[in-house]
K.L.:
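First the structure, then my questions, so here it is.
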Amino acid sequence: MLIYSWNVRGLNNPLKQHEVANLMRRNRMDICGLLETKLNSSKVSLLQKFRLKNWKFLSNVVAATNARIMVFWNPSSVRVDLLEFSTQGAWCPNSPWLLMGDFNSILSLEDKHNGAAVSTCETTDFRSCCSDHGLANLNYTGCQFTWSNGSVWSKLDRVLANSSWSLSHSQVHVHFGNPGAFSDHSPAIIRLESHHAKGKRCFKFFNMWAHFSHISERVTRAEIALKAHQTALHSDKDNLQYQALDAQLHQKLLTLKSVR
């Protein structure tokens with residue numbers, strides 16, 4: 001099973017909707033949680049009807065006016081039942097808990113690079129919440145810091161689990177990918193391995209299909225360049241030349257995608 005969680009920072013842009021829908025289909029996701037979509041109720045329905053018609057979905061648009069959270073799932077592989085929702089969250093009934101998303105809080109000094117110093121007040125409530133509910137970070141690969149404005153880096157996005165989940169799901173892999181061109185948050189990709197899997201499913205983070213038109217080849221090269229650059233920037237976060245180049249590569253890729 002493949003689960004995806006991403007703060008998309010708005011989903012009203014048709015180009016971004018197209019990219020997210022293609023990402024979900026291309027990687028054959030089972031569940032996809034999208035945060036901060038900022039879609040009103042009519043646009044929520046239109047997104048599902050015209051771009052993801054074979055998927056089922058739920059959102060908290062009733063509680064938040066504009067949907068802050070949308071959860072899509074493939075009905076042929078999973079079933080999702082809504083327990084409760086609010087302006088900040090949506091819960092589904094189950095004893096083992098897996099929590100993921102943008103918590104907009106950090107747990108320790110090591111979760112922030114540059115910017116104002118981290119105070120105890122910033123971490124106390126979140127740490128207490130995790131402790132009270134027995135939540136712990138799942139081991140992960142990829143980006144340590146999941147959000148950046150170009151100079152300040154923070155780990156705001158997490159995948160947390162309680163002990164019941166950890167005991168019942170030993171084969172789980174979490175990866176925080178590069179944010180790409182459409183958000184300043186890293187997506188969380190959670191893969192649950194099944195002992196009864198019928199076959200391997202190929203997973204790729206970026207579209208590497210063989211498009212032979214000139215513009216599609218340029219888009220693919222731009223995606224590869226941005227991915228490689230974001231990986232390098234994550235390892236050398238204070239490099240001013242890298243920071244300047246990041247903005248250029250973002251704009252180049254967005255321009256190419258808009259005319260494809």
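Sequence positions, counted from 1, serve as the residue numbers for this chain. Scope of the values below: all heavy atoms of this structure, side chains included, with no hydrogens, waters or symmetry mates.
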K.L.:
Which word best sums up how the rings of F72 and W55 line up, parallel for under 30°, tilted for 30 to 60°, or perpendicular for over 60°?
P.N.:
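Rings of F72 and W55: perpendicular, as their planes differ by over 60°.
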K.L.:
Starting at NE2 of H175, measure out to OG of S186 and round the result to the nearest 0.5 Å.
P.N.:
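Between atom NE2 of H175 and atom OG of S186 there are 8.5 Å.
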K.L.:
Report the distance from atom CG of D236 to atom OG1 of T231, rounding to the nearest 0.5 Å.
P.N.:
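If we round to the nearest 0.5 Å, D236:CG and T231:OG1 are 13.0 Å apart.
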K.L.:
Do L39 and Q17 have side-chain heavy atoms sitting under 4.5 Å apart?
P.N.:
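Yes - at least one pair of side-chain heavy atoms lies under 4.5 Å apart.
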K.L.:
To the nearest 0.5 angstrom, please state how far the CG atom of D102 sits from the CH2 atom of W6.
P.N.:
13.0 Å
K.L.:
Identify whether F176 and L156 are in the same connected component of the hydrophobic contact network (ILVMFWY, side-chain heavy atoms under 4.5 Å).
P.N.:
no
K.L.:
Is the closest side-chain donor-acceptor distance between N12 and K38 under 3.5 Å?
P.N.:
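No.
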K.L.:
Is it the case that K155 places NZ or CZ above or below the six-membered ring of Y140, under 6.0 angstrom from the centre and within 45 degrees of the axis?
P.N.:
yes
K.L.:
Is the side chain of K252 donor-acceptor paired with the backbone N or O of A222 at a distance under 3.5 Å, no angle test?
P.N.:
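No, the answer is negative, given that no donor and acceptor are paired below the 3.5 Å cut-off.
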K.L.:
Nearest 0.5 Å please: distance from the CG atom of L99 over to the CG atom of N162.
P.N.:
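Answer for the CG-CG pair, L99 versus N162, is 8.0 Å.
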K.L.:
Do L226 and W153 sit in one hydrophobic cluster, given that two such residues count as connected whenever their side-chain heavy atoms are within less than 4.5 Å of each other, even indirectly?
P.N.:
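Cluster IDs for L226 and W153 differ.
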K.L.:
What heavy-atom pair brings V78 and M1 nearest, and what distance separates the two atoms?
P.N.:
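Where V78 meets M1 most closely, the heavy atoms are CG1-CE, 3.1 Å.
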K.L.:
What is the ring orientation for H229 with Y242, classed by angle as parallel under 30°, tilted 30 to 60°, or perpendicular over 60°?
P.N.:
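It falls in the perpendicular class, over 60°.
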K.L.:
N137 and side-chain contact (heavy atoms from CB on, under 4.5 Å): which partner among V174, L107, V159?
P.N.:
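Among V174, L107, V159, the one meeting side-chain contact (heavy atoms from CB on, under 4.5 Å) with N137 is L107.
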K.L.:
Name all residues meeting the side-chain hydrogen bond (donor to acceptor under 3.5 Å, both in side chains) criterion together with N114; count only those two or more places apart in sequence or in a different chain, and write none if there are none.
P.N.:
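With neighbours one apart ignored, the set is D238.
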K.L.:
Check for me, please, whether V80 and V62 land in the same ILVMFWY cluster - side-chain distances under 4.5 Å, paths through other members count.
P.N.:
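In one cluster: yes.
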K.L.:
For the pair S131 (side chain) and R127 (backbone), establish whether a donor and an acceptor sit closer than 3.5 Å, ignoring hydrogens and angles.
P.N.:
no
K.L.:
Apply the test side-chain contact (heavy atoms from CB on, under 4.5 Å) to residues N74 and M29: give CA-CA distance (whole Å), side-chain angles for both, the deciding distance (0.1 Å), then the verdict.
P.N.:
CA-CA 7 Å; N74 183 349; M29 297 176 191; over 6 Å; no
K.L.:
Can you list the steps and then say if D184 with N149 is a side-chain contact (heavy atoms from CB on, under 4.5 Å)?
P.N.:
CA-CA 7 Å; D184 51 10; N149 63 4; 5.9 Å; no
K.L.:
Minimum heavy-atom separation for Q243 to S151, with atom names?
P.N.:
NE2-CA, 4.5 Å
K.L.:
Under a single-linkage definition using a 4.5 Å side-chain heavy-atom cutoff for Ile, Leu, Val, Met, Phe, Trp and Tyr, are F126 and V118 assigned to the same hydrophobic cluster?
P.N.:
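No.
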K.L.:
What residue among L253, N13, L15, V20 forms side-chain contact (heavy atoms from CB on, under 4.5 Å) with F182?
P.N.:
L15
K.L.:
Go through the steps to decide whether N40 and V61 satisfy the test side-chain contact (heavy atoms from CB on, under 4.5 Å), and finish with yes or no.
P.N.:
CA-CA 7 Å; N40 60 35; V61 69; 5.6 Å; no
K.L.:
When you measure from the side chain of S183 to the backbone N and O of N7, does any donor-acceptor pair fall under 3.5 Å?
P.N.:
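Checking the backbone N and O of N7 against the side chain of S183, a donor-acceptor pair under 3.5 Å is found.
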K.L.:
For the residue pair L160 and C130, what are the closest heavy atoms and their distance?
P.N.:
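Closest heavy-atom pair between L160 and C130: CD1-SG, 4.1 Å.
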K.L.:
Given side chains that start at C-beta, do those of S105 and T123 come closer than 4.5 Å, heavy atoms only?
P.N.:
no
K.L.:
Applying the 4.5 Å side-chain criterion to the ILVMFWY set and letting contacts propagate, would L254 and L233 be lumped into a single cluster?
P.N.:
no
K.L.:
Side chain of H234, backbone of F145: donor and acceptor closer than 3.5 Å?
P.N.:
yes
K.L.:
Got a donor-acceptor contact below 3.5 angstrom from the H250 side chain to the D246 backbone?
P.N.:
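Checked: pair present.
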K.L.:
Walk me through whether T146 and R158 qualify under side-chain contact (heavy atoms from CB on, under 4.5 Å).
P.N.:
CA-CA 8 Å; T146 64; R158 298 177 182 275; over 6 Å; no
K.L.:
Taking all atoms of both residues into account, what is the closest heavy-atom pair of S154 and I106, and its distance?
P.N.:
CB-CG2, 4.5 Å
K.L.:
Within the side chain of Q251, is there an N or O that forms a donor-acceptor pair under 3.5 Å with the backbone of Q248?
P.N.:
no
K.L.:
Got a sec: does the NZ of K237 have more than 12 other heavy atoms crowding it under 6.0 Å?
P.N.:
yes
K.L.:
Roughly how far apart are M24 CE and W73 CH2, rounded to 0.5 Å?
P.N.:
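It is 11.0 Å, given to the nearest 0.5 Å.
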K.L.:
Give a yes or no on whether the backbone of K56 and the side-chain of Q48 come within a donor-acceptor separation of less than 3.5 Å.
P.N.:
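Such a contact is absent between Q48 side chain and K56 backbone.
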K.L.:
Is the NE2 atom of H173 crowded by more than 12 outside heavy atoms at less than 6.0 Å?
P.N.:
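Count over threshold, so yes.
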K.L.:
Quick one: CG on L47 to OG on S42, what's the gap to the nearest 0.5 Å?
P.N.:
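These two atoms lie 11.5 Å from each other.
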K.L.:
Spell out, as yes or no, whether a donor-acceptor pair under 3.5 Å connects the side chain of D111 to the backbone of S108.
P.N.:
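Side chain of D111 to backbone of S108: a pair is present.
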K.L.:
Measure across S166 and L138 and return the closest heavy-atom pair with its distance rounded to 0.1 Å.
P.N.:
OG-CD2, 4.3 Å
K.L.:
Can you name the nearest heavy-atom pair linking R9 to W147, along with the distance?
P.N.:
NH1-NE1, 4.2 Å
